[in-house]
Amino acid sequence: MLACKCFTGKSVLAISLLTAGILASIASTAAKADDGDFYIKPYVQLGDHSKLGLSKEDEELVWFTRKPNAEWKVEVKTEDKDWDSSHTHMHKQEVFSAPVSPLYEYTFDLHQLPPGKLFDYRVIEDGSTVFSAWSTARKAVDQSYSFAVFGDTGAGSVGQKGIALHAYNEKPDFIVVPGDITYDGGLFHEYMSRFFPVFNNDSVDERKGVPLLRSILTVALLGNHDIALGGGYPTNFSRFPDALAYYIIWQNPLNGPVKTIGAPGAPICGGETAASKPFLKSVGAQYPRMNMFSFDYGNSHWLVLDGNLYMNWTDDKLRKWVEDDLTSSNATWKFVTFHEPGFSEDAEHSREQRMRLLSDIFQKTGVDVVFAGHAHNYQRSYPLLFQPVLKHDKPSINEDGTVPGEITLDKEFDGIKDTVPKGVLYIVTGAGGAHLYPIIAPKDGKELLYKSSSDIHSFTRCKINGGTLSFDQISENGQPVDHFSITKK
């Protein structure tokens, strides 16, 4: 049963006016979005590979349409095989909590693709090709690859469009968005006005957008602005009828620890119970399971965590799941990503340190880099080790959100001459399009940052070749912000 509570603290009239404004915005966005064949044009996703015995190189193709009775087919063309539909398997889901009705989500599993190879695909509706694009099959363990990371992006800003253009021009093999995917509340109609027009546009134009999502595998995770925390309240379907669109739009593995509604670690929902029913009917097993998951790409293992306030990272079961997941992987590279950073020197969030509660596990299991957003800037820490103050044999957290402990910094590592870090690197890459935050000097005088940038939007691009990682931070204008390398001993 969904744990719901009535909205309090606002007058009924104020709520009615707010809801009316939201619904008017939804209607306006919906009118602009539908092009006849697609409400949202096709884009490439990880998918849940527990289905159909899919391999690590498989992906999913997703789109939304208002047509209930169309006959759809996807064909794939590789360098050694002409157009063929045997690579695909279709699933159809009606969406009840979207801005328009009816709306149908189609997912096509793309399987048995040659690892790391370019392929073309086309979408056929009632016998006619209505969409075509290219993508790259996921890389195998012995192949080199690249990825981009940027969070706090869907603000509809000039900076967001610059990031989109230059990230697309880099042609990474995949992209990770560490939260705050679209502003201000992760609502479906906000995706339609501030996210898809920029990242899945038909053009390649810095003033409009780019066709990034249809060609480059993109993985996203929950930030605080993705759960409709308007006014400090939990997600409230009475106020936000198209809230938690993350669970409808994204297709990620369902291998996380939170499997039931209301369980520890599940995103909290408020509002009238009836108001949440369309959402629950739309998402199936994806809510709440998709707030945390892990996946492999090439020779790397990625652990995706939820850093929001409802998470209790002193919980023994959740901590065990994190440690078991990281310990079970023998990947060359281990990366962790979540929205709210544990180590940040920004003016807004520097005292939100709850994710430091997991630093001991990251160190113990050999994590190389932790990527976060939330702070709207770029920060690269020195490689560091954190020894938390223990309470009942586990890290503790103060009432003000700070986590007590001792930090040890590796100041010999510069990523140029010394490329073997003694500790975990913590990267904040939250300059993806939202308004920028300044960096502040730490009050305790403990300088954590080797490099930072807060005056221009930027994104991370990493290239991995075996045991070498080359890291670049690139501005919205395509200019270098930072560069370093990591090598394995």
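All values below were derived from every heavy atom in this structure, side-chain atoms included, with hydrogens, water molecules and symmetry-related copies excluded.
Residues that satisfy the side chain to side chain donor-acceptor pair (under 3.5 Å) test with Trp250, not counting sequence neighbours, are Tyr191. Lys281 is linked by a salt bridge (Lys or Arg N to Asp or Glu O under 4.0 Å) to nothing, counting only residues two or more places apart in sequence or in another chain. Legend: residues meeting salt bridge (Lys or Arg N to Asp or Glu O under 4.0 Å) with Asp410, ordered by chain and number and at least two apart, are absent. Residues passing the side chain to side chain donor-acceptor pair (under 3.5 Å) test with Ser359 are Tyr426, sequence neighbours excluded. When the salt bridge (Lys or Arg N to Asp or Glu O under 4.0 Å) test is applied to Glu476, no partner is found at least two apart in sequence or on another chain. When the side-chain contact (heavy atoms from CB on, under 4.5 Å) test is applied to Lys208, the partners found at least two apart in sequence or on another chain are Asn201, Ser203, Asp205. Listed by chain and number, the residues in a side-chain contact (heavy atoms from CB on, under 4.5 Å) with Asp202 are Lys41, Arg214 (sequence neighbours excluded). With sequence neighbours excluded, the residues forming a side-chain contact (heavy atoms from CB on, under 4.5 Å) with Asn255 are Pro253, Phe293, Ser294, listed by chain and number. Residues meeting the side-chain contact (heavy atoms from CB on, under 4.5 Å) test with Pro197, sequence neighbours left out: none.
A cation-pi arrangement, defined by a distance under 6.0 Å to the six-membered ring centre and an angle within 45 degrees of its axis, is present between Lys171 and Tyr168.
Side-chain N or O atoms of Thr182 include none that pairs as donor or acceptor with a backbone N or O of Gly186 at under 3.5 Å.
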Ignoring hydrogens and angles, write down the donor-acceptor pairs under 3.5 Å from the side chains of residues 123-132, residues two or more places apart or on other chains.
from	atom 1	to	atom 2	distance (Å)
Glu125	OE2	Lys67	NZ	2.8
Asp126	OD1	Glu71	N	2.8

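No hydrogens or angles considered: a donor-acceptor pair under 3.5 Å links the side chains of Tyr378 and Asp482.
Within the structure, side chain to side chain donor-acceptor pair (under 3.5 Å) pairs that include any residue of residues 364-377 comprise Asp152-His376, Tyr183-His376, Asn224-His374, Glu323-Lys364, His339-His374, His349-His374, Glu352-His374, Asp368-Lys488, Asn377-Gln379 (at least two apart or interchain). The salt bridge (Lys or Arg N to Asp or Glu O under 4.0 Å) contacts involving residues 334-344 comprise Glu340-Arg354, where partners must be two or more places apart or lie in separate chains.
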